[in-house]
Amino acid sequence: MLRSLTAGESHGRAIISILEGMPAGLKIDITKINAELKRRQQGFGRGKRMQIENDHAQVLSGIKNNTTLGSPVTLLIQNKDCSIDKLHKVSCPRPGHADLAGLLKYGFSDCRAVLERASARSTAATVGLGALCKILLREFKISVSSKVLSVGGENSSQGMKDKICEAIKNKDTIGGIFEVVAKGLPVGLGSYVQSDRRLDARLAQAIISIPGVKAIEIGLGLGYAVSFGSEVHDAIHFSKSKGYFRNTNNAGGIEGGISNGEDIILRACMKPIATLMNPLESVNISTKKISKAAVERSDTCVVSAAGVVAESACAFVLADCLLEKFGQDNIQDIKNAYKNYLDRIA
Ligand code: EPS
């Protein structure tokens with residue numbers, strides 16, 4: 001089993017990820033991890049924090065001579081803005097953020113105690129972990145990519161840009177939909193035998209736990225609700241050169257909780273960022289008087305960054321499923337098991 005743990009506050013000293021269960025003998029190119037971290041920082045509509053940070057991973061454990069040891073891999077990303085002890089108290093919780101529910105749950109009197117960990121800054125750790133998983137998947141010619149499908153209901157690149165400009169001008173924020181595609185997967189990752197082994201369920205958990213994600217669909221998703229079965233199920237074909245194949249992929253690469261060898265396709269909705277420069281009404285938690293919600297430095301639109309984070313979240317799940325099926329200790333053993341399996345089902 002591949003396990004991960006992240007730690008760190010948005011304005012604390014660092015963001016840390018630990019990945020346990022990576023096989024030994026995998027070559028790790030740290031520039032690939034840093035390139036993924038950089039991708040997460042980009043996109044039109046990002047805020048000032050991204051101009052301050054230049055996320056780079058330092059390897060603290062699990063890798064020697066650019067090769068995994070099989071022991072837990074620890075990555076540290078330093079925060080340039082580590083002002084946590086100097087930052088002001090936040091008394092007016094932002095609607096849509098974890099501020100109020102977190103404050104009541106943990107018994108704080110300052111929303112900062114919540115927002116420092118609830119911040120999407122933690123997604124830098126997710127991307128660090130995901131980059132390691134992508135390196136593993138690449139050994140098996142599996143790739144994971146993403147793209148923005150729409151922002152504020154607009155799907156042309158000019159339309160999306162205009163929506164973000166409109167949000168900036170109105171001191172507002174805007175969300176959208178991104179798509180993640182995984183290519184090159186074998187048939188047989190995940191399982192129908194138990195609910196927590198279903199690949200779709202595992203992917204959904206990984207995606208919906210990204211801060212701000214409110215919905216996910218796999219393949220045709222909600223579109224299944226308005227069609228006849230004969231119109232939407234992917235007919236099965238066979239040819240000597242291709243083996244089993246489909247001409248459509250409404251299932252999004254997953255049937256019965258198992259990868260079916262087609263591309264995995266999922267889409268998710270990222271809500272508009274909760275911090276508004278022209279804030280909504282809230283309540284001051286000390287005085288209980290009506291007051292405008294707190295205004296913090298933030299982004300206007302993070303849909304493309306959310307796509308990069310979702311790639312990482314998917315890569316983690318796919319790597320976990322791959323190791324579960326083909327072994328976990330040594331990369332060459334795993335490759336041998338993978339080849340044997342492909343030969344069997346050919
Ligand atoms: C983010 C870091 C944060 C925010 C944003 C994403 O930095 P700061 O709060 O210092 O500006 O820019 O976080 C949120 C949108 C949020 O809701 O917390 C990052 O590294 O991606």
Side-chain angles (χ1 to χ4, degrees), residues 6-17 33-34 36-57 75-90 92-103 110-131 146 148 151 164 167-168 171-176 178 208-214 268-277 279-280 282 293-313:
T6 73
E9 276 70 42
S10 182
H11 306 96
R13 286 175 60 197
I15 302 290
I16 287 172
S17 356
I33 299 174
N34 290 331
E36 291 292 315
L37 293 174
K38 180 132 199 105
R39 286 181 65 225
R40 190 199 74 93
Q41 290 199 268
Q42 289 164 349
F44 187 60
R46 298 306 306 270
K48 292 231 161 54
R49 181 76 186 270
M50 293 304 104
Q51 291 162 24
I52 299 169
E53 303 297 340
N54 180 11
D55 292 344
H56 274 81
L75 300 180
L76 179 145
I77 301 163
Q78 219 131 29
N79 283 327
K80 285 198 175 156
D81 182 351
C82 56
S83 50
I84 190 165
D85 294 327
K86 288 173 254 152
L87 283 166
H88 62 91
K89 185 175 172 178
V90 177
C92 296
R94 293 160 295 172
H97 214 284
D99 295 352
L100 181 59
L103 180 116
D110 178 359
C111 298
R112 182 158 301 284
V114 176
L115 71 89
E116 280 294 331
R117 180 63 184 160
S119 165
R121 179 87 190 124
S122 68
T123 60
T126 312
V127 171
L129 296 168
S146 69
V148 176
V151 168
I164 298 170
I168 294 171
K171 299 185 168 184
D172 215 325
T173 58
I174 190 87
F178 60 83
I208 208 90
S209 59
I210 296 168
V213 170
K214 279 303 217 185
C269 160
M270 177 77 199
K271 72 183 182 185
I273 293 281
T275 310
L276 305 181
M277 296 303 138
L280 288 174
S282 178
V295 177
E296 294 289 306
R297 177 184 58 205
S298 191
D299 307 283
T300 303
C301 180
V302 290
V303 184
S304 81
V308 176
V309 177
E311 286 174 34
S312 286

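Heavy atoms only: backbone and side chains are in, while hydrogens, waters and symmetry mates are out. Just follow the structure's listing: the first ligand is 1, and inside any ligand the first atom is 1.
- For the pair M50 and ligand 1, a heavy-atom separation below 4.0 Å is found.
- Scanning for side-chain hydrogen bond (donor to acceptor under 3.5 Å, both in side chains) contacts around E9 gives an empty result, with sequence neighbours left out.
- Assignment of A124 to the shell around ligand 1 is not supported, since no heavy atom sits closer than 4.0 Å.
- Remark: among candidates A305, S83, A120, A98, the nearest residue to atom 14 (C) of ligand 1 is A120, based on non-hydrogen atoms.
- In summary, E296 and R94 do not engage in a salt bridge, as defined by a charged side-chain N under 4.0 Å from a carboxylate O.
- Applying the 6.0 Å contact sphere to CZ of R13 captures no more than 12 heavy atoms from other residues, nucleotides or ligands.
- For ligand 1, one of its N or O atoms has an N or O atom of R40 under 3.5 Å away.
- Under 4.0 angstrom from ligand 1, there are no non-hydrogen atoms of K48.
- Taking distance alone, with nitrogen or oxygen atoms compared against 3.5 Å, H97 approaches ligand 1 more closely than that limit.
- Looking at R46 against ligand 1, only its side chain comes within 4.0 Å, counting heavy atoms.
- Listed by number with element, the atoms of ligand 1 under 4.0 angstrom from any heavy atom of I273 are 15 (C).
- The shortest contact between atom 11 (O) of ligand 1 and any protein heavy atom is with R297 NE, 2.9 Å.
- Distance from atom 4 (C) of ligand 1 to its nearest protein heavy atom, with residue and atom name: D299 OD2, 3.7 Å.
- If you check which protein heavy atom lies closest to atom 13 (O) of ligand 1, you get S119 OG, 3.6 Å.
- For a threshold of 3.5 Å applied to N or O pairs, the pair formed by H11 and ligand 1 contains at least one separation below that value.
- Of the polar atoms of T123, none of the N or O atoms is found under 3.5 Å from an N or O of ligand 1, judged by distance alone.
- For the 3.5 Å distance criterion, the side chains of Q78 and H56 fail to qualify, holding no donor opposite an acceptor.
- Side-chain contact of S298 with R46: a donor-acceptor pair under 3.5 Å is absent, judged by distance alone.
- At a heavy-atom cutoff of 4.0 Å, ligand 1 is contacted by the side chain of R49 but not by its backbone.
- The pair R121-D81 does not meet the salt-bridge criterion, since no charged nitrogen lies less than 4.0 angstrom from a carboxylate oxygen.
- In this structure, L115 and D99 approach most closely via the heavy-atom pair CB-OD1, 3.8 Å.
- R40 and D55 are joined by a salt bridge, as a carboxylate oxygen and a charged side-chain nitrogen come within less than 4.0 angstrom of each other.
- Side chain to side chain, S10 and R49 meet the donor-acceptor criterion of an N or O pair below 3.5 Å.
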